[in-house]
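The structure appears right after this line, and notes come after that.
As the structure is a computational prediction, the values presented were derived from the model and not from experiment. Just so it is clear: chains get the letters A, B, ... in the order the sequence lines come, proteins before strands, and each one is counted from 1.
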Amino acid sequence: MPELPEVEITRLGLTPELEGRRITAVTLRRPDLRWPIPGEIAALLPGEFILGVRRRAKYLLMDLAPGSALLHLGMSGSLRVLAGDVPPGRHDHVDIALDSGRVMRFNDPRRFGCLLWQPLGETHALLRDLGPEPLSAQFDGNHLFRLSRGRQTSVKAFLMDQGTVVGVGNIYAAESLFQAGIAPGRPAGEISRPRYHRLASAVKEILAHAIRCGGTTFRDFIRPDGRPGYFEQELFVYGREGELCLTCGGILKNSRLGNRATVWCGHCQT
DNA sequence: CGTATTCCCTGCACGC
DNA sequence: TGCGTGCAGGGAATAC
């Protein structure tokens, strides 16, 4: 389930394979993923040079002269770069062939991902109302404190809201709240400024650490070169409901918040 | 506007 | 062994 670290790891793996390459062909084996794949993808990409691969939130942007292809991995998507003669398998929905003889292949069993188009100079509606990047200076405890005043929703839902800060999904929200010692169900508006400073620091540290580990391969994430990530070995709470807290030895609780599984320690998180 | 809920989709774990 | 059920979840859409 790709969150910011997994998307960033994907970007890092794609960049040396894609940057400066010319696209020779686009193969769409489905007309749609989450949304229909716009005609510009098949019409405009072949022949274009890939100028760069950027990331904004959990979106990847492949920059070409006439605009950018926008990719989201949803929760089961992955991008791999393979030799051009590797036959496609189940759920290999899109191929982008390169003049290197290799092919970037988009696999997504659950099809929550998307492939969209953004003309040069425009910002796609999906990118318009996003909060700051968590690893940027714009994101800090003051930002969280200010945005949370008057909010009744749980701090976990608040943290996972992409308008608050981007890139934090269920795994990293749970881990960040654990490291900050904050109970996930606490109303966002009731949390003090010092505690939000701790939370912002935890988010930054955990995301940066997860990127260094190559991301989290909990079920299906895979890097462009086929290797897994190793951060799941560092998880303190996510996926560990009923097991022992690694800090205090208590039993980790499991509840549902905002229709998401939420694991936390009732002793360490208050 | 804020908040909670539903829905999209497939693979897999589970219980009978 | 096979079948039904529930869950996983990003995030848009919908309802209130």
> Does A:Q152 place a side-chain N or O at less than 4.0 Å from the phosphate oxygens OP1/OP2 of B:dT3?
Replying inline: no
> If you check every side-chain atom of A:Y238, which of C:dG11, C:dG9, C:dA8 has the closest atom?
Replying inline: C:dG9
> Whole Å only: how far is the CD1 atom of A:I171 from the C1' atom of C:dA8?
Replying inline: 10 Å
> What's the CE-C1' distance between A:M160 and B:dA4, to the nearest Å?
Replying inline: 14 Å
>> Would you say the ring centers of A:F231 and A:Y172 fall short of 6.0 Å from each other?
In response: yes
> Does A:H72 have a side-chain nitrogen or oxygen under 4.0 Å from the phosphate oxygens OP1 or OP2 of C:dG10?
Replying inline: no
>> According to ring pair (Phe, Tyr, Trp, His ring centres under 6.0 Å), does anything in residues 26-68 of chain A pair up with another residue at least two apart or in another chain? List the pairs.
In response: A:Y59-A:H72
>> What contact category does A:L126 fall into here, base, sugar-phosphate, or nothing, at under 4.0 angstrom with non-hydrogen atoms?
In response: sugar-phosphate
> Would A:R223 and A:D225 pass as an ion pair if we require N to O under 4.0 Å?
Replying inline: no
> A:L73 CG to C:dA8 P: how many Å, rounded?
Replying inline: 21 Å
> If you measure from the Lys or Arg side-chain nitrogens to the Asp or Glu carboxylate oxygens, is any gap between A:E17 and A:R102 under 4.0 Å?
Replying inline: yes
>> Measure CG/A:D108 against P/C:dA8 and give the value in whole Å, please.
In response: 19 Å
> Is there side-chain contact between A:T24 and A:P46, with at least one heavy-atom pair below 4.5 Å?
Replying inline: no
> Salt bridge or not for A:D63 and A:R54, using N-O below 4.0 Å?
Replying inline: yes
> Expressed in angstrom and rounded to an integer, what is the separation of A:L130 atom CG from C:dG10 atom P?
Replying inline: 15 Å
> What's the CG-C1' distance between A:L33 and C:dG10, to the nearest Å?
Replying inline: 14 Å
>> Could you work out how much the helix from B:dG2-C:dC16 to B:dC16-C:dG2 bends, comparing the axis of its first five pairs with that of its last five, to 10°?
In response: 50°
> Quick one: A:R240 CZ to C:dA8 C1', roughly how many Å, whole number?
Replying inline: 19 Å
> Base, sugar-phosphate alone, or nothing: which one does A:F158 contact when heavy atoms must sit under 4.0 Å apart?
Replying inline: nothing
>> Please determine whether a side-chain nitrogen or oxygen atom of A:S76 lies at a distance below 4.0 Å from atom OP1 or OP2 of C:dG9.
In response: no
>> For the residue pair A:R80 / A:N107, report whether a side-chain donor-acceptor contact shorter than 3.5 Å exists.
In response: no
>> Nearest whole Å is fine: how far is B:dG11 P from A:M75 CE?
In response: 12 Å
> Side chains of A:S68 and A:W117: is there a donor and an acceptor less than 3.5 Å apart?
Replying inline: no
> Would A:D95 and A:R29 satisfy salt bridge (charged side-chain N to carboxylate O under 4.0 Å, His left out), going step by step from the backbone distance to the final call?
Replying inline: CA-CA 8 Å; A:D95 279 0; A:R29 298 191 187 83; 2.6 Å; yes
> Between C:dG10, C:dG11, B:dT3, which one does the side chain of A:R151 approach most closely?
Replying inline: B:dT3
> Base, sugar-phosphate, or nothing: which does A:A157 touch, judged by heavy atoms less than 4.0 Å apart?
Replying inline: nothing
> What does nucleotides 5-10 of chain B look like as a protein-contact string, B for base, S for sugar-phosphate only, - for none, at under 4.0 angstrom between heavy atoms?
Replying inline: -B-BBB
>> Any donor-acceptor pair under 3.5 Å linking the side-chain atoms of A:E133 with those of A:Q138?
In response: no
